[in-house]
Amino acid sequence: MDRIQTTWEYLAPLLQGAILTIEITILSLFAAFLLSLIVGIARFSKIKAVRFCMALYVEIFRGTSLLVQLFWLYFALPMLFDFRMSAFTVAIIALGLNYGAYGSEVVRSAIMAIPKGQTEAGIALNMTPWQRLRYIILPQAFVMMLPSFGNLQIELLKGTSLVYLITLSDLTYQGMILRSYDISKATFIFFMLLLIYFIMAQAMTLGIRALERKTSKGRL
């Protein structure tokens with residue numbers, strides 16, 4: 001009984017941290033997916049300045065460290081502009097911007113993979129560019145995006161482990177605090193961290209696979 005109670009004393013804070021990790025992951029995924037679509041589609045804009053700005057955003061956030069982006073938004077930005085955001089907000093913005101840059105390339109590649117004949121057929125039917133995008137291009141591109149987006153969401157989940165460095169009490173933070181209290185339990189604590197992250201990643205993987213099966217059968 002004492003052993004079970006002791007185990008729960010360690011497990012409870014980890015589960016509490018896991019809840020915060022899930023919240024950050026879900027909100028960041030939404031932001032990243034939205035940015036991916038906007039930027040990926042905007043890369044095909046007829047306006048050169050729009051294409052340049054989108055390409056610049058992608059290169060900056062793909063070419064710099066997520067950790068540096070978190071530090072810059074949380075520590076450097078307030079010094080420069082006297083404007084501070086909460087650590088939770090910074091985490092969502094940084095993760096969304098970072099993985100949105102990678103996701104936009106997935107969207108762009110999927111759109112480019114659509115045969116030109118599909119677009120030409122839409123033009124022949126007198127469809128507007130928005131109608132062609134909405135009814136012809138995106139439904140087909142979405143199916144091709146799913147496997148890559150599945151990988152990105154797993155990467156984003158793992159990326160949340162960095163937010164403890166800007167004082168967020170996520171899963172990793174709770175693990176590090178518990179380890180500092182009792183280093184003799186370090187093996188157990190890190191094993192539980194691995195297990196909880198693995199379970200969350202598997203749940204996300206199963207969700208994407210279920211979505212892939214539905215789209216392959218034309219249910220979406």
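For this chain, numbers begin at 1 and follow the sequence in order. Predicted, not measured: the structure shown is a model, and the values here were computed from it.
Pairs engaging residues 26-44 under the salt bridge (charged side-chain N to carboxylate O under 4.0 Å, His left out) rule: Arg43-Glu105 [sequence neighbours left out]. Sorted by first then second residue, the ring-ring contact (aromatic ring centres under 6.0 Å, His included) pairs that include residues 34-67, not counting sequence neighbours, are Tyr57-Phe61. Here side-chain hydrogen bond (donor to acceptor under 3.5 Å, both in side chains) pairs that include residues 129-139, with residues two or more places apart or in two chains, are Thr128-Gln131. Sequence neighbours left out, the pairs with a member in residues 73-94 that pass ring-ring contact (aromatic ring centres under 6.0 Å, His included) are Phe71-Phe75. Among pairs with a residue in residues 14-36, those fulfilling ring-ring contact (aromatic ring centres under 6.0 Å, His included) read Phe33-Phe149, at least two apart in sequence or across chains. The side-chain hydrogen bond (donor to acceptor under 3.5 Å, both in side chains) analysis of residues 86-98, with sequence neighbours excluded, yields the pairs Gln69-Asn98, Ser86-Thr89. Annotation: salt bridge (charged side-chain N to carboxylate O under 4.0 Å, His left out) contacts involving residues 59-82, sequence neighbours excluded, comprise Glu59-Arg62.
For Thr187, the side chain to side chain donor-acceptor pair (under 3.5 Å) test picks out no residue, with sequence neighbours left out. The side chain to side chain donor-acceptor pair (under 3.5 Å) check on Asn151 picks up nothing, with sequence neighbours excluded. By the side chain to side chain donor-acceptor pair (under 3.5 Å) test, Arg51 is found to be paired with no residue, residues two or more places apart in sequence or in another chain being considered. For Glu155, the salt bridge (charged side-chain N to carboxylate O under 4.0 Å, His left out) criterion is met by Lys158, not counting sequence neighbours.
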Can you give each donor-acceptor pair under 3.5 Å made by side-chain atoms of residues 189-204, sequence neighbours left out, with the distance rounded to 0.1 Å?
from: Tyr197; atom 1: OH; to: Thr172; atom 2: OG1; distance (Å): 2.7

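Side-chain contact between Val106 and Tyr102 is absent, with no heavy-atom pair separated by less than 4.5 Å.
If you check the side chains of Gln140 and Gln118, you find a donor sitting under 3.5 Å from an acceptor.
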